[in-house]
Amino acid sequence: MAIDLVLRRDWNARAPRGDYTQLDSTKGVKVHYTGGRVNPGIVSDHDGCVSLVRSIQAHHMDGNAWIDIGYSYVACPHRKVFEGRGLHHLPAANGPGLNAGHYAVLGLVGNSGLVQPPDGVLHAILDAVQYVRDRGHAGKEVKGHRDGYSTDCPGDPLYAWVRRGAPRPGGSTPPPTPPDTPPFPGRLLKYPPVMRGEDVRTWQRQMRTRGWELDVDGAYGPGSRDVCRGFQRQQGIEDDGIVGPLTWRLAWEAPAR
């Protein structure tokens with residue numbers, strides 16, 4: 001299905017206060033939620049979606065003093081995608097220093113009211129992802145706002161979907177996490193400085209099992225970082241040398257190469 005795009009003029013968007021910063025290409029997309037209450041009634045009332053998007057734009061422009069709504073696109077439960085800042089325009093929602101890396105796509109769910117993303121929202125997010133890949137020089141990454149930024153966004157239900165690989169509803173779903181995959185320890189393993197702990201040792205031991213040469217000493221230093229980068233490149237993900245949720249999971253679940 002082609003994207004069902006709601007252009008700015010169709011949702012009566014306010015004109016931006018200034019010129020956008022050019023965005024030539026990105027690594028992919030970061031997914032967001034509203035962070036507040038979303039009236040569940042919007043699921044059966046598209047006019048409610050329009051009103052909500054307009055109120056978000058007003059908050060960003062009048063409350064945050066941004067030039068426009070902070071998102072590139074907004075996905076609603078009716079599988080419609082609202083044009084925000086649009087293609088090749090720097091978003092503002094990903095956080096200082098992080099906006100050039102990814103387009104920002106908002107799913108119309110919140111932390112109360114409508115919390116669980118309906119299939120229409122997930123389809124619309126993926127329609128927006130494909131659109132910016134096809135026309136906006138976006139890469140393959142689909143991440144949550146909290147990846148690389150201290151926030152609860154995009155909320156646990158939406159983030160769990162992102163971590164599962166953002167599957168299309170009704171399509172093939174990736175297999176569940178095997179029971180022998182330990183849960184992510186809750187902190188990013190990175191260097192510098194050297195980080196120590198049993199979580200480091202657990203990851204190092206698994207990388208040794210996969211055939212990588214490194215000491216299983218519980219200290220995440222330059223050697224561990226280099227192995228991490230090599231593994232990330234092998235898996236085709238960002239090679240930042242940081243063991244986050246995706247790199248951790250792939251250490252156990254990725255097919256051997």
Side-chain angles (χ1 to χ4, degrees), residues 1-17 20 29-87 89 91-95 99 102-132 136 142-146 151-162 164 166-171:
M1 176 177 174
I3 188 170
D4 189 353
L5 195 59
V6 183
L7 299 176
R8 291 177 64 90
R9 64 175 178 267
D10 296 327
W11 59 274
N12 293 318
R14 290 162 55 179
R17 285 207 181 99
Y20 297 120
V29 167
K30 283 194 173 177
V31 177
H32 297 249
Y33 77 157
T34 68
R37 186 179 189 277
V38 172
N39 184 349
I42 68 169
V43 173
S44 57
D45 177 19
H46 183 60
D47 287 343
C49 298
V50 176
S51 297
L52 180 55
V53 173
R54 294 185 68 188
S55 71
I56 292 169
Q57 184 192 36
H59 173 68
H60 285 181
M61 295 180 72
D62 302 332
N64 294 358
W66 294 348
I67 64 168
D68 194 7
I69 190 170
Y71 305 106
S72 307
Y73 293 93
V74 180
C76 90
H78 306 276
R79 197 173 176 176
K80 294 180 183 293
V81 178
F82 289 77
E83 182 185 27
R85 297 197 177 195
L87 297 173
H89 296 153
N94 292 332
N99 288 305
H102 299 81
Y103 285 99
V105 175
L106 170 69
L108 286 185
V109 293
N111 59 12
S112 64
L114 184 62
V115 174
Q116 291 289 339
D119 284 355
V121 167
L122 301 181
H123 276 299
I125 290 172
L126 292 174
D127 291 344
V129 167
Q130 192 59 52
Y131 186 72
V132 298
V142 179
K143 292 188 171 186
H145 184 197
R146 68 176 69 173
T151 177
D152 291 333
C153 185
D156 290 342
L158 199 50
Y159 189 58
W161 172 74
V162 169
R164 290 197 306 273
R168 178 76 71 175

Correct closest heavy-atom pair for G70 and P91 would be O-CB, 3.4 Å

message: Between Y71 (side chain only) and Q57 (backbone N and O only), is there a donor and an acceptor less than 3.5 Å apart?
response: no

Within a strict 4.5 Å, meaning less than it, do heavy atoms of the H78 and C49 side chains meet? yes

Would you mind writing out the side-chain donor-acceptor pairs for residues 32-42 within the sub-3.5 Å range, not counting sequence neighbours?
from: H32; atom 1: ND1; to: H145; atom 2: ND1; distance (Å): 3.4
from: H32; atom 1: NE2; to: N94; atom 2: OD1; distance (Å): 2.8
from: T34; atom 1: OG1; to: G36; atom 2: N; distance (Å): 3.3
from: T34; atom 1: OG1; to: G36; atom 2: O; distance (Å): 3.4
from: T34; atom 1: OG1; to: V109; atom 2: O; distance (Å): 3.2
from: N39; atom 1: OD1; to: G41; atom 2: N; distance (Å): 2.8

Please list, one pair per line, the donor and acceptor atoms closer than 3.5 Å that link side chains of residues 9-16 to other protein atoms, with sequence neighbours excluded.
from: W11; atom 1: NE1; to: E83; atom 2: O; distance (Å): 3.0
from: R14; atom 1: NH1; to: D62; atom 2: OD2; distance (Å): 3.0
from: R14; atom 1: NH2; to: D62; atom 2: OD1; distance (Å): 3.0

When rounded to the nearest 0.5 Å, the distance separating CD1 of I56 from CD1 of I69 is 5.5 Å

Residue pairs meeting salt bridge (charged side-chain N to carboxylate O under 4.0 Å, His left out), one or both in residues 111-124, sequence neighbours left out, come to none

Quick note, salt bridge (charged side-chain N to carboxylate O under 4.0 Å, His left out) partners involving residues 40-56, not counting sequence neighbours, are none

If you draw the axis of the six-membered ring of Y159, does the NZ or CZ of R146 fall within 45° of it and under 6.0 Å from the ring centre? yes

Nearest heavy-atom contact between V81 and A124 is CG2-O, 3.4 Å

Heavy-atom closest pair (A166 atom, V142 atom, distance to 0.1 Å) is CB-CG1, 4.2 Å

I'd like to check L158 versus I125 (side-chain heavy atoms, cut-off strictly below 4.5 Å). Are they in contact? yes

Query raised in the report: Going by an N to O cut-off under 4.0 Å, is there a salt bridge joining D127 and R79?
Result: yes

Practice problem: Step through it carefully: locate the ring centre of H46, locate the ring centre of F82, and say whether they are under 6.0 Å apart. | Solution: yes

All heavy atoms of L122 vs all of P117, minimum pair found to be CD2-CB, 3.8 Å

- prompt: Just wondering, more than 12 heavy atoms not from D156 lying within 6.0 Å of its CG?
  reply: no

When rounded to the nearest 0.5 Å, the distance separating CG of L52 from CG of L114 is 10.0 Å

Rounding to 0.5 Å, atoms NZ (K80) and CD1 (I3) come to a distance of 11.5 Å

By side-chain hydrogen bond (donor to acceptor under 3.5 Å, both in side chains), Y131 pairs with (sequence neighbours left out) none

Report task. Start with the C-alpha gap between L106 and V53, add the side-chain angles, then the distance that decides, and say whether side-chain contact (heavy atoms from CB on, under 4.5 Å) holds. Result -> CA-CA 10 Å; L106 170 69; V53 173; over 6 Å; no

Is a donor on one side and an acceptor on the other found under 3.5 Å between the side chain of S72 and the backbone of A104?
yes

Output for pair (H60 NE2, D68 CG), nearest 0.5 Å, gives 10.0 Å

ask   = Do the side chains of L87 and Y73 get nearer than 4.5 Å, heavy atoms only?
value = yes

Contacts of W161 meeting ring pair (Phe, Tyr, Trp, His ring centres under 6.0 Å) (sequence neighbours excluded), chain-then-number -> none

So do D152 and N111 actually touch side chain to side chain, heavy atoms under 4.5 Å?
-> no

